Structure formats: structure tokens, C-alpha cells
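Notes follow the structure.
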Amino acid sequence: MSGHGDPIPMSSRKCGPLKGEAHVPGDKSISHRSLILGALAVGETKVTGLLEGQDVLDTAKAMQAFGATVEKQGDSWHVWGVGVGGFAEPENVIDCGNSGTGVRLIMGAMATSPIVATFTGDASLNKRPMARVTDPLALFGAQAVGRSGGRLPMTIIGANSPVPVSYTTPVPSAQVKSAVLLAGLNAPGETVVIEREATRDHSERMLAGFGAVIATEDTNEGHVIRLQGQPELKPQTIIVPRDPSSAAFPVCAALIVEGSDVLVPNIGLNPTRAGLFFTLQDMGADLTFENMREEGGEPVADLRARFSPDLKGIEVPPERAASMIDEYPVLSVVAAFAEGKTHMPGVKELRVKESDRIDAMARGLRAAGLRVDEGEDWWTVHGLGHGNVAGGAVVESFLDHRIAMSFLVMGMATTNPMSVDDGQPIATSFPIFEPLMEGLGAEITRG
Ligand code: S3P
């Protein structure tokens with residue numbers, strides 16, 4: 001669980017060049033899915049490179065509560081799965097901490113089994129919308145009873161006789177898509193998900209890897225995914241690639257801190273995740289992909305980011321939003337150091353993340369001397385150019401790891417230090433953020 005201890009105020013100040021290699025942790029999305037699919041396979045799945053962030057540890061605990069055995073042995077994690085349809089009814093409430101991915105995917109995975117489970121989370125997660133998942137789960141025959149507005153805590157009564165569904169996702173969300181696919185696993189026949197905009201496709205790739213029959217196709221209606229229900233999933237050996245969303249922080253820090261040259265090796269560059277890096281290149285960033293290769297069916301590269309004094313504000317293509325949805329907070333920090341406006345349209349989903357990320361970033365950026373304009377689904381940062389960003393603000397992180405890390409990155413290049421009221425949520429996705437950034441030359445202090 002996160003957000004339950006005392007807040008940890010943190011600050012960062014202008015530092016010398018960031019230099020060296022940044023070995024960021026494993027991918028959060030793939031880590032959750034490794035544990036959940038491992039729990040639904042028959043036999044032992046072995047996972048190396050698992051992100052040991054609080055979000056993923058909460059999912060590991062949840063899988064144990066549903067009857068799987070999950071153990072860490074040396075450097076690897078081992079999951080002994082119970083098979084599709086084999087989940088046991090948890091004896092207690094499932095606490096998913098800060099993790100929307102955890103709770104939504106697990107709800108999907110249990111919704112087509114004849115069991116009942118109650119889910120809760122921290123103050124951030126308990127504010128987030130769950131109807132986007134429980135609406136399609138109801139089509140399978142599951143029932144949900146939660147707080148007003150479809151909020152956690154919430155009980156899901158799994159379907160006794162699930163039926164397969166065909167569902168068009170109303171929001172571009174890989175969590176919704178994945179919840180439907182995981183529910184479809186234990187429904188007889190074919191479950192179909194149609195998304196108008198393609199979102200991260202880790203569930204599809206991994207389900208295929210575990211032996212499910214799944215096919216994707218681009219049609220006039222959108223991106224169509226077809227899954228055959230009730231497969232026997234075969235246990236896998238999984239090497240989790242390093243997280244591009246975590247790589248974003250040392251990369252963006254290197255671009256804005258004078259004299260920096262940072263290598264971030266082994267980063268997964270799945271096209272449904274890599275939008276930030278192309279956007280930074282469009283802004284004039286000195287960012288290169290070295291040693292491009294394929295690993296475990298995913299494109300992987302070493303990212304080299306160097307200080308980029310002449311960044312330009314740009315119009316970020318809205319069709320790229322899904323492939324960089326978690327990176328807008330740190331992009332807005334880079335935009336502050338660019339010349340001119342960076343306009344970010346088509347990003348309504350940012351309002352329902354761990355925090356309302358447009359609001360959270362706009363508040364902090366304004367407090368640091370920036371002009372930020374915003375609407376329901378867009379925002380614009382008016383960049384001041386390198387050397388012109390005052391900083392000197394104490395900002396709220398709203399229990400959101402990416403807000404906390406973004407402002408700490410910002411403080412590495414502002415004239416005056418930047419402080420966040422609570423850096424504790426950083427441990428949900430990037431527990432080694434502080435030592436890793438300090439190892440490159442950053443100056444971060446606590447208290
Ligand atoms: C995730 C999907 C995205 C992303 C989240 C991880 C996933 O959320 O923001 O950090 O692993 O499926 P949405 O599906 O709500 O866009």
C-alpha cells in the first residue's frame with residue numbers, strides 16, 4: 001500500500017552536468033501482467049527484471065489472495081498459477097494501493113469466475129473512475145457494488161455463467177481493454193474488443209505468448225482484438241524490459257541540465273509506448289536511439305540524451321497521446337525550458353490518472369513562473385527557454401509519483417530549487433529514482 005506513511009518532502013536544486021548510465025527498473029505495465037497472467041497459467045512462470053515498485057508488489061499480494069503462489073527467489077520472481085477459471089475467493093479485502101492498472105486488470109481477471117472480491121486503494125485510487133471497467137464486466141454477467149460515482153471500495157460479484165462480449169471501448173484505455181480481455185479468458189467463445197485509438201498492446205502480446213488464441217486487425221471501425229475464451233495458458237519465462245515511462249525522467253533531465261550526457265540502456269520501444277521520445281526529437285532534443293534491436297518480440301534500444309539548449313515548443317499530435325499518456329507531466333517540464341508554446345491536445349485522460357495531471361502540473365508550473373493555459377482536454381505551456389525558468393516553488397504531488405518526479409527533474413535546471421510536499425509515491429513505480437538520479441549528478445534532498 002502506498003500513501004499510508006508520513007509524507008516525505010523532497011527538493012532538488014540546479015546541478016552540474018548529469019553524466020553516466022541510468023539503469024531504470026522494469027516496465028510497470030508488463031510487470032503487472034506477468035504476475036496476473038502467471039497466476040492464470042497452469043504451472044510455474046518465471047519473471048526476471050520485475051519492477052519491485054509498490055504498485056506491482058500490491059498486485060503480487062493480490063494474486064496470492066486469489067490462490068496463486070508468488071515468491072521471489074534470488075533475482076527472479078516465480079508464480080505458480082491456478083489456471084483460467086481457477087481463482088479462489090479472497091478471504092479479505094484486496095488493497096491495490098495506488099494502482100489503477102492493478103485494480104482494473106484484477107477486476108477483469110476475476111469477473112468471470114463465480115467468486116466475490118472487494119477492492120480498495122489509497123486516497124488517490126479511491127477517487128478514480130471504475131465504471132469504465134465495471135460497465136463492460138456487467139456484459140459478461142458480473143455485478144459491481146461500489147461507492148457513488150463508481151468509486152472504490154467496490155465489491156465485484158463474478159459471473160456464474162459468463163457469456164463472451166463484443167465491446168467498443170469508449171475511452172482510449174489499455175486498462176479497460178485489458179480488463180475485458182482478461183474477463184474474456186474465462187468466458188466460452190470469442191470476446192471482441194474494439195478500440196478507436198490503439199493503446200499499449202502488452203496484454204495482446206503477452207496473452208499470445210502464454211498460448212491464448214488472439215488476433216488483432218485494423219478495420220474501418222478501429223483496432224479489433226479477438227480472443228478465444230477458456231484456453232489453457234502455458235507458463236512462461238519472462239524477461240521484463242526496462243520501463244520507457246521511467247526512462248523518461250533521466251532522459252528529460254539530461255536534456256535540460258547544462259552539459260549533460262546520459263545513456264539509458266535497454267529501453268523497450270514498443271510503438272504504443274514510445275511517443276515521448278519522438279516528440280522530444282520534434283522539439284529539437286539531442287536524443288538518439290543506439291544499438292536498436294529486438295528482445296522478446298519487443299523493439300529495444302539504448303537511449304542517449306544530451307543537453308539540448310535550443311529546444312522549441314511544438315504542437316504535439318493528438319493521435320500520439322495514447323503512446324505517451326504517462327509522459328505528459330515530464331514533457332511539460334521540458335516544454336518550460338523550450339522557446340515558445342507547446343500545445344498538448346487530445347489528453348482528457350490525464351484528468352483521471354493518479355491525480356488530475358493537467359491541474360497538478362499547471363499549478364506547479366505556474367508557481368515556478370510559467371504561463372499555462374488549459375481546457376478540459378488540452379493544455380499549453382508557454383516555454384521560457386533555457387536559463388529563464390525561475391523555479392523556487394513548493395508544489396503538491398497529489399499522491400502521484402509522476403508529478404513528484406517531474407517537479408524534481410525540473411528543479412535540476414531551474415534558477416531556484418523546486419520542492420514537492422510528498423515524494424513517497426515515487427516508490428510505486430520508480431523506487432530507485434533518488435539514488436539513480438544522484439548517481440548521475442543530481443542534488444536531491446529530503447525534508
Ligand atoms: C496502463 C495503461 C494506462 C497508463 C497506466 C498503465 C496499463 O492507463 O496510464 O500507467 O498498464 O495498461 P489507461 O489505460 O487508463 O490509459
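First listed ligand is number 1; within each ligand, the first listed atom is number 1. This is a predicted model, so every value here is computed, not measured.
- The closest side-chain donor-acceptor pair between Thr199 and Lys177 falls under 3.5 angstrom.
- In this structure, Thr45 contributes its side chain and Gln236 its backbone to a donor-acceptor pair below 3.5 Å.
- Inter-residue side-chain proximity for Ile156 and Val116 is flagged as unmet; no heavy-atom pair is nearer than 4.5 Å.
- Here the side chains of Glu319 and Glu197 are not in contact, with every heavy-atom distance at 4.5 Å or above.
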Yes or no on ring-ring contact (aromatic ring centres under 6.0 Å, His included) for Phe289 and Phe278, after CA distance, side-chain angles and deciding distance?
-> CA-CA 10 Å; Phe289 304 136; Phe278 302 115; 5.7 Å; yes

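- Ala183 and Leu137 make their closest contact through CB-CD2, 3.7 Å (heavy atoms, listed as atom of the first residue, atom of the second, distance).
- For ligand 1, the protein residues placed under 4.0 Å by at least one non-hydrogen atom are Lys28, Ser29, Arg33, Thr101, Pro172, Ser173, Ala174, Gln175, Arg200, Ile325, Asp326, Lys353.
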